[in-house]
Trainee: 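Here you go, one structure.
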Amino acid sequence: MKFNKSQMKQLIKENPVLHTRFKELKNEHGLEKNFALKALYHSEVAEGGKFQLAYQALDLPKR
């Protein structure tokens, strides 16, 4: 699975838990938006994270 910035933004927009976590990462660690997106991806999505299926579902073609 590969990091996709637009997919990650969409996932955060649709999920209040991830949105809160994203804001916390930016504030606690002083991260720029892009770095916070990647950090959140690696901690919550990649390698079997609890939001992996939701992330993958965003990549499915729309019918």
Side-chain angles (χ1 to χ4, degrees):
M1 192 167 56
K2 191 174 180 182
F3 174 77
N4 182 301
K5 186 176 174 179
S6 61
Q7 270 181 252
M8 198 60 201
K9 284 181 175 181
Q10 183 67 32
L11 186 62
I12 290 169
K13 184 178 178 181
E14 294 176 359
N15 191 305
V17 172
L18 283 179
H19 187 265
T20 301
R21 183 73 181 118
F22 174 69
K23 295 282 188 185
E24 288 172 354
L25 277 172
K26 279 182 21 179
N27 293 332
E28 287 177 18
H29 301 287
L31 294 174
E32 294 178 18
K33 185 177 182 178
N34 289 334
F35 291 122
L37 282 172
K38 288 181 182 181
L40 192 60
Y41 169 80
H42 286 290
S43 67
E44 302 292 342
V45 176
E47 304 297 325
K50 61 183 179 178
F51 295 99
Q52 184 176 22
L53 292 177
Y55 181 84
Q56 288 173 331
L58 292 174
D59 196 28
L60 296 176
K62 307 273 192 263
R63 290 185 184 202

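The analysis underlying the following values was restricted to heavy atoms, covering all of them including side chains, and did not include hydrogens, waters or symmetry mates.
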Trainee: Roughly how far, to the nearest 0.5 Å, is NZ of Lys50 from OG of Ser43?
Mentor: 9.5 Å
Trainee: Going by the ring-ring contact (aromatic ring centres under 6.0 Å, His included) test, which pairs reach into residues 5-32, not counting sequence neighbours?
Mentor: none
Trainee: Just grab all the ring-ring contact (aromatic ring centres under 6.0 Å, His included) pairs involving residues 35-58, residues at least two apart or on different chains.
Mentor: Phe3-Tyr41, Tyr41-Tyr55
Trainee: Report yes or no: does Glu44 contribute a side-chain atom to a donor-acceptor pair with the main-chain N or O of Leu40 at less than 3.5 Å?
Mentor: no
Trainee: Test Lys9 against Lys33 for side-chain contact (heavy atoms from CB on, under 4.5 Å), laying out the working first.
Mentor: CA-CA 10 Å; Lys9 284 181 175 181; Lys33 185 177 182 178; 4.1 Å; yes
Trainee: Taking side chain as C-beta onward, heavy atoms only, is Ile12 less than 4.5 Å from Arg21?
Mentor: no
Trainee: Applying side-chain contact (heavy atoms from CB on, under 4.5 Å), name anything that partners Asn34, two or more places apart in sequence or on another chain.
Mentor: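 Per chain and number, Asn34 pairs via side-chain contact (heavy atoms from CB on, under 4.5 Å) with Lys5, Leu37.
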Trainee: List in chain and number order the residues that pass side chain to side chain donor-acceptor pair (under 3.5 Å) with Gln10, two or more places apart in sequence or in another chain; answer none if no residue qualifies.
Mentor: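 Partners of Gln10 by the side chain to side chain donor-acceptor pair (under 3.5 Å) criterion, ordered by chain and then number, come out as Glu14.
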Trainee: Residues two or more places apart in sequence or in another chain: which of them pass side chain to side chain donor-acceptor pair (under 3.5 Å) with Gln56?
Mentor: none
Trainee: How close do Ala36 and Leu25 get, counting heavy atoms only, and between which atoms?
Mentor: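 Taking Ala36 first and Leu25 second, the nearest heavy atoms are O-CD1, 3.9 Å.
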Trainee: Are the side chains of Leu11 and Leu58 in touch, meaning some heavy atoms are under 4.5 Å apart?
Mentor: yes
Trainee: Does the pair Val45 and Met1 meet the rule for a side-chain contact (heavy atoms from CB on, under 4.5 Å), with working shown?
Mentor: CA-CA 9 Å; Val45 176; Met1 192 167 56; 3.8 Å; yes
Trainee: Sequence neighbours left out, what passes side chain to side chain donor-acceptor pair (under 3.5 Å) with Asn15? Give chain and number order.
Mentor: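 Side chain to side chain donor-acceptor pair (under 3.5 Å) list for Asn15, sorted by chain: empty.
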Trainee: With rounding to the nearest 0.5 angstrom, report the CE to CG distance, Met8 to Leu18.
Mentor: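 Answer for the CE-CG pair, Met8 versus Leu18, is 5.5 Å.
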